[in-house]
2 protein chains.
Amino acid sequence: MLPTEKDAGSASMSQVSTSTERANQADVAYGRLKQLILDGTLPAGAQMLEQEAATRLEMSRTPVREAMVRLRQEGMVEIRPRHGMRVLPISASDMAEIYAVLTALEGTAAELVAQRGITPRQLAQLRGAVADMQTALERSDLKAWAAADEQFHLHLVRLSGNSRLIQMVGQLWDQAHRARMLTLQLRPTPSNSVKEHADLVDAIAAGDGPRARKVHEDHRRRAGTMLVDLLDRLGLNQL
Amino acid sequence: MLPTEKDAGSASMSQVSTSTERANQADVAYGRLKQLILDGTLPAGAQMLEQEAATRLEMSRTPVREAMVRLRQEGMVEIRPRHGMRVLPISASDMAEIYAVLTALEGTAAELVAQRGITPRQLAQLRGAVADMQTALERSDLKAWAAADEQFHLHLVRLSGNSRLIQMVGQLWDQAHRARMLTLQLRPTPSNSVKEHADLVDAIAAGDGPRARKVHEDHRRRAGTMLVDLLDRLGLNQL
DNA sequence: GCGCGCATTAATGAATGCATTAATTGCGGC
DNA sequence: GCCGCAATTAATGCATTCATTAATGCGCGC
């Protein structure tokens, strides 16, 4: 399940029907609603009734409801009878929670990748993403940096080969996505980013699982702490 | 969200309607179907059509379908058009995957608990579960041991206070539950179990986060390895 | 203006109906 | 008996309908 164009900008690993790749209406609704949330069209706290969504997506309420149930299970929305779905805001404490779990999961992913070993092509992919990050920073293009950063992490987690870990990480990314994008221009320049990622790639290339894990956990922990402090300092509680 | 009687034997943190605690039919269907899976009534590979489930649960297909979608998202079943839902079997490699993620998450939970500190009452709860495990082992009652073990882990993860971590761990527990129960009488006597859990409680009581994490990760890693080896050795691939 | 009670409205959960089509069955030919 | 094809059946996805009831609006009294 690779991201399609529909998922551009998102690390979501959408679940689709098992038997065929023909998208049913529920899948369409899920993808469309999720996109609205991830790209900020539906901001934190926004509500949308089943019938509104159905009208907007030009389908009946049945597939829309299924989509909303799925989004609820992913922690993206809450569903309140007579109020439809409401996009769950992300507070600083949510972010702390997300990053605590992400640190554990991605650290494990890094360790698994190092243990499994990595092909030259895969290594080139990771190094390529690091190079993209460097290029972006030289141009002071934070947006491109974020995209390259995301690409790096996506490759990394995928390489772990643990489907459950991949799914869970994807879910957390989606929950944090909007807040990360909204704070992108507010955060300090990630000047150590390139070095940290490169160190991780080195540890992986050396097959050093414990080191890869530590390097990556430290990286994720620092990023999380930075974001949480930023949200706290700016009093941003509903992103 | 505490386990209700309906969830006895399961660590599932079921998601219910937000606004009221009045269970709607979809919630009922979800709980009932999940119970059938967890208690082995619906074994690995078992299929159940929407209409069969609807008939059995004495409701229409609509809430049944929602329940199946939720179970699918939790990794408990797959849904194949015209074949209904099928209970996903757990293989040795699935178990390896589950335990790799559980080790990461529960290790983090242990660290969080130690960092947050713990009340005397909470400490007594954990020690109580350890004592229950000891009592069960003295009686060679593996079933009681498993229940006490599960209670310990449930307390531990809850005490982390990280709702996302709690939900994810619960999901993995549910996926592994049937396989763990089915192999309970096949596995070696968990003779180090009491000591390992007691060591963990000591680390937590001492507020030693890194130590708690390490003790618990080692514990979980060993348990996972033991189970995976057991499944491999016995050629059990569809539990 | 405010609060309360009643009437009305609308959103949902669930049931039902329908169109689509995958799966099964039956038949004929070899 | 086996295979292929056509007909039939049945499971699903989806749309529509209906009953329930929470939410809203309105009117009245203070």
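In what follows, chains carry the letters A, B, and so on, assigned in the order in which the sequence lines appear, proteins first and then strands, with residues in each chain numbered from 1.
Atom NE2 of A/H83 sits about 6.0 Å away from atom CD of A/Q47, to the nearest 0.5 Å. Rounding to the nearest 0.5 Å gives a distance of 8.5 Å between CD1 of B/I37 and CG of B/L88. Atoms CE and OG1, from A/M48 and A/T55 in turn, are 9.5 Å apart once rounded to the nearest 0.5 Å.
In this model, the phosphate group of C/dA14 is not approached by any side-chain N or O of B/S60 to a distance below 4.0 Å at OP1 or OP2.
With a 4.5 Å cut-off on side-chain heavy atoms, B/W173 and B/M168 do not count as touching.
Between B/M59 atom CE and C/dA14 atom C1' the separation is 10 Å, expressed in whole Å. Counting to the nearest Å, the P atom of D/dA11 and the CE atom of B/M68 are 12 Å from each other. When the P atom of C/dA15 is taken as reference, atom CD of B/E58 falls 11 Å away, rounded to whole Å. A/E66 places its CD atom 15 Å from the C1' atom of C/dG13, with the value rounded to the nearest Å.
Annotation: salt bridge (charged side-chain N to carboxylate O under 4.0 Å, His left out) contacts involving residues 37-55 of chain B, sequence neighbours excluded, comprise B/E50-B/R61, B/E50-B/R65.
For the 3.5 Å distance criterion, the side chains of A/H197 and A/H153 qualify, holding a donor opposite an acceptor.
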Hey, what are the protein-to-nucleotides 10-12 of chain C N/O distances that come in under 3.5 Å?
residue	atom	partner	partner atom	Å
C/dA10	N3	A/R82	NH2	2.7
C/dA11	N3	A/R82	NH1	2.9
C/dT12	OP1	A/G84	N	2.9
C/dT12	OP2	A/E50	N	3.4

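With D/dG13, C/dT16, D/dT16 as the choices, the nucleotide that has an atom nearest any side-chain atom of A/N24 turns out to be D/dG13.
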